[in-house]
Amino acid sequence: MKKQYLIVLIFAGLLTIFNACQKGTAYKALIVTGQNNHNWKSSSPILQQVLEQTGLFTAEIAKSPEKGGDMNTFNPDFSKYSVIVIDYNGDSWSEKTKTAFVDYVNNGGGVVVYHAGDNTFPEWKEYNLMIGLGGWGDRNEKDGPYMYYRHDSLIVDSSAGRGGNHGKRHEFEIKARNTEHPIIKGLPQRWIHGADELYAQLRGPGKNMEILASAYSDTAKGGTGRDEPLLMALSYGKGRIFHTALGHADEDGGPALECVGFITTFQRGAEWAASGKVTQKVPYDFPTMTGSSLRPDFKELTLEGDLAKIAQYDITKSTKYFSDLQSRIRYEAKTPADFQIFEKQMIKVLESADASDDGKKLLIREISWMGSELSIPVLQELAKREQLKDVAEFALARLQPAK
Ligand code: ZN
């Protein structure tokens, strides 16, 4: 009897692992929201989508009662999750819920503190140790020093004054401060972030905290004239906390949440908080110093999606998907074999009777520099057609070895 029971247990265990592998998801995330001075009804589903896109998470949303409601009814079972995302700024949790949360983190649970998540619970000591730095909620010198950079030195400043401030929303440069930390290892040293509030004058205990990135808070935009910490990694007990002060949400998301820099650091920070490591690749559309990079629907464009749009292209339409294909090839393809993976997909569009001539022209131009002998048969076919003759012959001249 006992042995049979054990076999059933082992089988059930294997089935669970198998299912997790099938979905490719290893971690469960819980986004805690329901009260915020921000538009949590828009931000929480976006954060959920962004986490699930990684293929690493399934994400659920836990809504608290409305402001002034009975907080005793709010008791999420934190222990079921690998990471808790705080998209919450509101009434204090019950003592029972606070204790459960502290136990969860102490036992190794992961936390992501998102934007105004560092405004909440000014009176809760343990929470302030977890977030490191916070603002608003009458935070001041009693809550800990200001921390910021002057040139490249970290300043710990105990002077009196309010915690939390921001100037006008604008695009700003983010500067990596700890390039060896898994969350930002491999990202550019500096990049342009989509228009956002630049949180400043944060203050708090700042214990067991590594500042991963900061940004200069420009006085011309109503800022402090200091380099303010915006991405932080902390530990509390056995738990790991990723704190992102970025990501102010508009009704429909807006540029701060659409920013690939926000999305990528959020995804990487959540994986690190859940597991202590980061396995995600840096996406090819990560912003650089040449400008911000936005994903209007929060999703990374796919090669298949780009090619389907290019196949319907005519000159009245935007070349966005073609530009995306070009960046993808330049970023991802390193060896001739890599280029041929793209080339084979592009050839399929060239061979398709449904694809437009304008779309084919774009692809042939691209193939003329990155293609190989694989494209020669289809180009020879297309060269027989009046509309594509010139561009196909141009590509053939570049791809065929000189006689
Ligand atoms: Zn905000």
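Model, not experiment: these values are computed from the prediction. Heavy-atom basis, side chains included; hydrogens, waters and symmetry copies ignored.
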Is any side-chain heavy atom of [X] closer than 4.5 Å to a side-chain heavy atom of [Y]?
X: L374; Y: F339; answer: no
X: W136; Y: Y199; answer: yes
X: D338; Y: E332; answer: no
X: E343; Y: S375; answer: yes
X: H243; Y: L234; answer: yes

Quiz item: With under 30° as parallel and over 60° as perpendicular, where do the rings of Y127 and W124 fit, or are they tilted in between?
Solution: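 Y127 vs W124 ring planes: parallel.
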Quiz item: Sub-3.5 Å donor-acceptor pair from the side chain of N128 to the main-chain atoms of P122, do we have one?
Solution: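 Side chain of N128 to backbone of P122, a donor-acceptor pair under 3.5 Å: yes, one is there.
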Quiz prompt | Heavy-atom donor-acceptor pair, T264 side chain to G261 backbone, under 3.5 Å | solution =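 No: the side chain of T264 does not pair with the backbone of G261.
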Practice problem: Give the intermediate values and the outcome of salt bridge (charged side-chain N to carboxylate O under 4.0 Å, His left out) for residues E95 and K98. | Solution: CA-CA 5 Å; E95 285 309 315; K98 284 184 179 175; 3.6 Å; yes
Exercise. Show your reasoning for whether salt bridge (charged side-chain N to carboxylate O under 4.0 Å, His left out) applies to K67 and D91.
Key: CA-CA 6 Å; K67 198 160 182 56; D91 291 346; 3.0 Å; yes
Quiz item: How many angstroms lie between CD in E393 and CD in Q400, if you round to the nearest 0.5 Å?
Solution: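 Between atom CD of E393 and atom CD of Q400 there are 10.0 Å.
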Exercise. Check ring pair (Phe, Tyr, Trp, His ring centres under 6.0 Å) between Y81 and all other residues, then give those that pass, not counting sequence neighbours.
Key: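 Partners of Y81 by the ring pair (Phe, Tyr, Trp, His ring centres under 6.0 Å) criterion come out as none, since no residue qualifies.
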Side-chain donor-acceptor distances from residues 308-317 under 3.5 Å, at least two apart:
residue, atom, partner, partner atom, Å
D314, OD1, T316, N, 2.8
D314, OD1, T316, OG1, 2.4
K317, NZ, Q312, O, 2.9

Practice problem: Using side-chain hydrogen bond (donor to acceptor under 3.5 Å, both in side chains) as the criterion, list what pairs up with E180, not counting sequence neighbours. | Solution: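 Here the qualifying residues are K185.
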Quiz item: side-chain hydrogen bond (donor to acceptor under 3.5 Å, both in side chains) with D324: which residues, sequence neighbours excluded?
Solution: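 By the side-chain hydrogen bond (donor to acceptor under 3.5 Å, both in side chains) rule, D324 matches Y284, R328.
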Practice problem: May I have the step-by-step check of salt bridge (charged side-chain N to carboxylate O under 4.0 Å, His left out) for K361 and E366, ending in yes or no? | Solution: CA-CA 9 Å; K361 277 183 200 168; E366 191 68 6; over 6 Å; no
Quiz item: Should D357 and R385 count as an ion pair when the cut-off is N to O under 4.0 Å?
Solution: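 Here D357 pairs with R385 in a salt bridge, since their nearest N and O are under 4.0 Å apart.
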Quiz item: Going by the salt bridge (charged side-chain N to carboxylate O under 4.0 Å, His left out) test, which pairs reach into residues 279-290, not counting sequence neighbours?
Solution: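 As it turns out, the salt bridge (charged side-chain N to carboxylate O under 4.0 Å, His left out) pairs with a partner in residues 279-290, which skip direct neighbours, are D285-R295.
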Under 3.5 Å, side-chain donor or acceptor atoms of residues 210-225 against the rest of the protein: list the pairs with distances, not counting sequence neighbours.
residue, atom, partner, partner atom, Å
E210, OE1, N178, ND2, 2.6
S214, OG, R177, NE, 2.9
S214, OG, R177, NH2, 3.4
S214, OG, D227, OD2, 2.7
S217, OG, T224, N, 2.8
S217, OG, T224, OG1, 3.3
D218, OD1, A220, N, 3.0
T224, OG1, R226, N, 3.2
T224, OG1, E228, OE2, 2.8

